[in-house]
Visitor: 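A single structure is presented below for examination.
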Amino acid sequence: MRCRKCSAKAIIRLPRHNTAFCPACFSEYVTDQIERAIKSDRMFGRDEGVAVAVSGGKDSLVLWEILSRLGYRTLGLHIDLGIGEYSERSRKKVEAFAAGRGLPFVVHSLREEHGAGLSEIAEGLRRPPCSACGVVKRYNMNAIAFQHGMPVVATGHNLDDEAARLLGNVLHWQEDYLDKQSPVLPNSHPKLVRKVKPLYRLAEREIAAWAVLQKIDYIVDECPNSQGSKMLLYKDALNRLEAASPGTKHQFYFQFLDRQKTRAQAAPAEPDLRECASCGQPSTAEVCGYCKLVGTLKVLQ
Ligand code: AMP
Ligand code: FES
Ligand code: ZN
């Protein structure tokens, strides 16, 4: 197998693009796809700081690595969810990555802040851990980026994540969620930062291959709460379709994005946001979801 660009020995085949690359041309392809996402979707400019939400997994560490190599001013942002050994190892990967490159970062620890980790919080509230986790991550990513003067927060969601999420939203006809499933979510309140997903053009296996080639040390294990999750089921279904018909994931998600541009023009106005009576962060209700969650936790303790 030869590289389609330079004819050197290829190390990866990309059936969905009907191509194959050597290590150098593959690295260029990965970087180009990210730069293309940033520029064509107007995610952020060179003069803006970017908070990179880093979990310790391959996607977000690859994103942080490439953004810093491209010369963007970044701040790593890690939320230590306190899910036992999994969170300890995730945090260590982030700390080692940042220390090795001299990159600035902040860690927000649920246990240090509230005296309990995600599993105990979810158990106490009788909520599925992943739903409590969504509230915790969304709130803290925005609040911490905002506190540090970062106008943008970038996450490592890739093509597989976005296609699986789209499949879930379509299967349940969650049209409200469809409107929000875009690689760029502008800030609809002065205390909200823009949310961007610069890896949405890259498949999970492409990012994993790049991480291995660049010797990025990331946490391979999935969160213990994700076992048996719907997202993994949707990813598996899409992987089977992709194996039988390369390009399925890409077409599914990119054709949705094309249609979404038309939908966006006809979309209803954003709900009115006020400031949470407890923490001052933007909220649709008098008290935001995060303060409700933390408030109930205090009552339970
Ligand atoms: P996930 O929801 O685990 O698929 O993660 C999607 C993206 O959210 C990751 O690529 C990260 O950018 C971000 N993320 C997930 N977990 C954390 C965390 N504990 N701290 C900071 N960012 C995270
Ligand atoms: Fe949120 Fe696992 S990372 S519950
Ligand atoms: Zn609040």
Side-chain angles (χ1 to χ4, degrees), residues 50-65 67 74-84 86-95 97-98 105-111 117-123 127-146 152-162 164-165 168 191 195-200 202 204 207-208 211 218-219 221-232 234-235 273-296:
V50 186
V52 187
V54 275
S55 61
K58 62 183 179 323
D59 304 296
S60 47
L61 289 183
V62 163
L63 175 61
W64 199 9
E65 174 80 6
L67 291 185
T74 61
L75 173 72
L77 188 165
H78 177 67
I79 303 161
D80 181 343
L81 297 159
I83 309 174
Y86 168 74
S87 290
E88 280 166 32
R89 292 205 285 131
S90 303
R91 181 173 173 162
K92 282 197 181 122
K93 294 286 181 197
V94 172
E95 287 171 345
F97 180 93
F105 70 105
V106 278
V107 174
H108 178 85
S109 159
L110 270 193
R111 203 173 288 286
L118 187 84
S119 311
E120 297 105 285
I121 295 180
E123 211 172 292
R127 274 179 83 154
C130 295
S131 99
C133 182
V135 175
V136 168
K137 280 188 199 161
R138 271 193 304 276
Y139 180 91
N140 283 298
M141 278 181 200
N142 184 76
I144 299 169
F146 182 77
V152 189
V153 66
T155 55
H157 292 95
N158 58 42
L159 177 60
D160 294 52
D161 295 323
E162 295 307 290
R165 196 169 144 202
K191 285 189 177 174
K195 289 186 194 150
V196 299
K197 299 173 183 171
L199 300 186
Y200 81 93
L202 291 163
E204 198 162 306
I207 297 165
Y218 62 87
I219 180 153
D221 312 359
E222 295 280 349
C223 165
N225 294 323
S226 71
Q227 273 173 18
S229 80
K230 283 273 171 60
M231 281 302 272
L232 290 185
Y234 300 147
K235 278 191 178 178
L273 289 175
R274 48 180 138 172
E275 293 190 358
C276 166
S278 172
C279 71
Q281 285 291 304
S283 165
T284 46
E286 195 185 345
V287 176
C288 78
Y290 186 70
C291 287
K292 279 187 198 144
L293 191 135
V294 171
T296 322

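Every heavy atom of this structure was used, including side-chain atoms; hydrogens, water molecules and symmetry mates were not. All residue numbers in this chain count up from 1 along the given sequence. One-based numbering, in listed order, for ligands and for the atoms of each.
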Visitor: Decide, yes or no, whether a salt bridge links R89 with D221 under the criterion of side-chain N to carboxylate O below 4.0 Å.
Guide: yes
Visitor: Could you check whether any side-chain heavy atom of F105 comes within less than 4.5 Å of a side-chain heavy atom of F97, counting everything from C-beta outward?
Guide: no
Visitor: Looking at side-chain heavy atoms only, is the closest gap between D80 and E88 below 4.5 Å?
Guide: no
Visitor: Checking the side chain of R111 only, and the main-chain atoms of G82 only, is there a donor and an acceptor separated by less than 3.5 Å?
Guide: yes
Visitor: Answer yes or no: is there an ion pair linking E204 with K58, defined by an N-O contact shorter than 4.0 Å?
Guide: yes
Visitor: Determine whether C288 and C279 satisfy the following criterion, side-chain contact (heavy atoms from CB on, under 4.5 Å), listing intermediate values before the conclusion.
Guide: CA-CA 8 Å; C288 78; C279 71; 3.9 Å; yes
Visitor: Between K197 and D161, is there a side-chain heavy-atom distance shorter than 4.5 Å?
Guide: no
Visitor: Provide the protein N, O or S atoms situated under 2.8 Å from the Zn ion (ligand 3); waters are not included.
Guide: C276 SG, C279 SG, C288 SG, C291 SG
Visitor: Under 3.5 Å, is there a donor-acceptor pair between the side chain of K191 and the main chain of G280?
Guide: yes
Visitor: Looking at V287, is its backbone amide N or carbonyl O close enough to the side chain of S278 to form a donor-acceptor pair, meaning the two atoms are under 3.5 Å apart?
Guide: no
Visitor: Short of 2.8 Å from atom 1 (Fe) of ligand 2, name each protein N/O/S atom, waters not counted.
Guide: C133 SG
Visitor: For the backbone of V107 and the side chain of H78, can you confirm whether one donor and one acceptor N or O come within less than 3.5 Å of each other?
Guide: no
Visitor: If you count every heavy atom of other residues, nucleotides or ligands that lies below 6.0 Å from K230 atom NZ, does the total exceed 12?
Guide: no
Visitor: Taking only heavy atoms of the protein into account, state which residues are under 4.0 angstrom from an atom of ligand 1, in chain and number order.
Guide: A53, V54, S55, S60, L77, H78, I79, L81, K137, M141, T155, G156, H157
Visitor: How far apart are the closest heavy atoms of A211 and V62, and which atoms are they?
Guide: CB-CG2, 3.7 Å
Visitor: Applying ring-ring contact (aromatic ring centres under 6.0 Å, His included), can you list everything that pairs with Y139, at least two apart in sequence or on another chain?
Guide: Y290
